[in-house]
Amino acid sequence: MTTVDLRSDTVTKPTPGMLEAMFSAKVGDDVFGEDETINALEEKAAALFGMEAGIFCPSGTMTNQIAIKCFTQPLDELIADQTAHVYRYEGGGIAFNSGVSTRLLNGYRGILTADMIEPEINAENIHYPHTSLVVLENTVNKGGGACYTLEQINPIANLCQQRGLKLHLDGARIFNALTATGDKAADYGQYFNGISVCLSKGLGAPVGSVLLADKETIKYARRIRKVLGGGMRQAGFLAAAGIYALDHHIERLKIDHAHAQILAEALANSAAVTNVLPVETNIILFDTIEPAGAVLSKLAAHRIQAMSTDKHRIRFVLHLDVHPEQVEHVVNVIATL
Ligand SMILES: *Cc1c(COP(=O)(O)O)cnc(C)c1O
């Protein structure tokens with residue numbers, strides 16, 4: 001059996017069908033706006049989420065950073081959970097790219113509420129940075145794939161609207177959230193000023209994210225993308241993978257979620273595991289009696305790769321390159337830990 005790679009859902013390789021779509025893509029110079037496959041991807045993604053326009057970027061970091069730049073001015077402050085990818089894993093880009101400070105909140109598994117956000121919005125006073133943006137993440141990566149329903153998002157969106165704040169969604173795994181909650185992508189647009197969608201996570205494209213917003217914002221976003229060096233040329237070959245992923249790899253995310261439940265149950269029954277955090281989507285966080293490094297070595301001896309997120313905590317992430325027989329293998333190995 002080949003290695004089972006549970007480190008991340010970014011490790012997937014293009015399927016034959018996806019490669020076929022990439023080979024046959026019609027391309028042009030996207031900096032001139034002439035790559036018809038990129039244009040088609042941007043329009044398709046925007047329509048899917050009920051947004052006006054989209055911009056294809058090399059990474060989710062770039063789509064998030066562009067959104068933050070579009071929705072703030074230097075000296076502003078944004079509000080996010082302390083686990084937020086935009087804060088923790090984007091290299092300090094909020095301060096560097098946008099000159100903006102970050103107010104961090106402590107949501108439950110990274111999930112914020114309007115009641116948590118409201119007192120953190122600064123009053124108009126020259127001492128305080130101007131609060132201009134709230135960033136939500138769905139699903140929450142460091143929250144173990146926890147997700148918001150639209151019902152939970154609605155009061156936050158209302159608060160932002162009342163207080164004149166912009167609302168951005170880091171939707172790196174938004175389709176996992178939609179799969180788990182049953183919410184509709186098309187209903188998302190009305191709540192957010194910006195939505196970032198990763199094609200290279202569970203959807204299985206090799207590269208790429210799309211930022212969705214209104215036309216004015218996307219026009220400015222093209223300027224920022226250029227500044228960041230993200231203006232690509234015949235990148236329609238990559239966008240073709242994204243279109244293929246949207247057409248073929250959303251429906252199957254429920255398989256990853258089912259696999260995650262199977263593994264979570266096996267872990268819960270293991271004497272080597274002290275705690276399995278609630279599993280809502282394709283991510284499992286669990287705590288081990290032995291140091292995580294020791295457990296990872298045992299797993300590696302059985303050709304299972306995973307990552308630790310703390311001294312006694314390990315993360316498994318399911319994705320389209322983890323097949324049922326591999327899940328069975330992992331279940332068997334967990335029983336021997
Ligand atoms: C992966 C990820 C991103 C984007 O990461 P890139 O590697 O830059 O594409 C953004 N937000 C979250 C929550 C992620 O998990």
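Whatever order the structure lists ligands and atoms in, that order sets their numbers, starting from 1.
- Between Glu216 and Arg222, no side-chain nitrogen of the basic residue sits less than 4.0 Å from a carboxylate oxygen of the acidic one, so the salt-bridge criterion is not met.
- Between Arg103 and Glu77 a salt bridge is recorded (basic side-chain N to carboxylate O distance below 4.0 Å).
- Residues Asp9 and Lys201 are not paired through a salt bridge, judged by the lack of any N-O separation under 4.0 Å between the basic side chain and the carboxylate.
- Counting heavy atoms from C-beta outward, Leu78 and Phe71 have side chains that stay 4.5 Å or more apart.
- Sorted by chain and number, the heavy-atom contacts of ligand 1 below 4.0 Å come from Ser59, Gly60, Thr61, Asn64, His85, Glu90, Glu137, Asn141, Asp170, Ala172, Arg173, Cys198, Lys201.
- Screening residues 309-321 for side chain to side chain donor-acceptor pair (under 3.5 Å) gives Asn141-Arg315, Asp287-Arg313 as the qualifying pairs, with residues at least two apart or on separate chains.
- Salt-bridge annotation for Lys142 and Glu137: absent, with no side-chain N of the basic residue lying under 4.0 Å from a carboxylate O of the acidic one.
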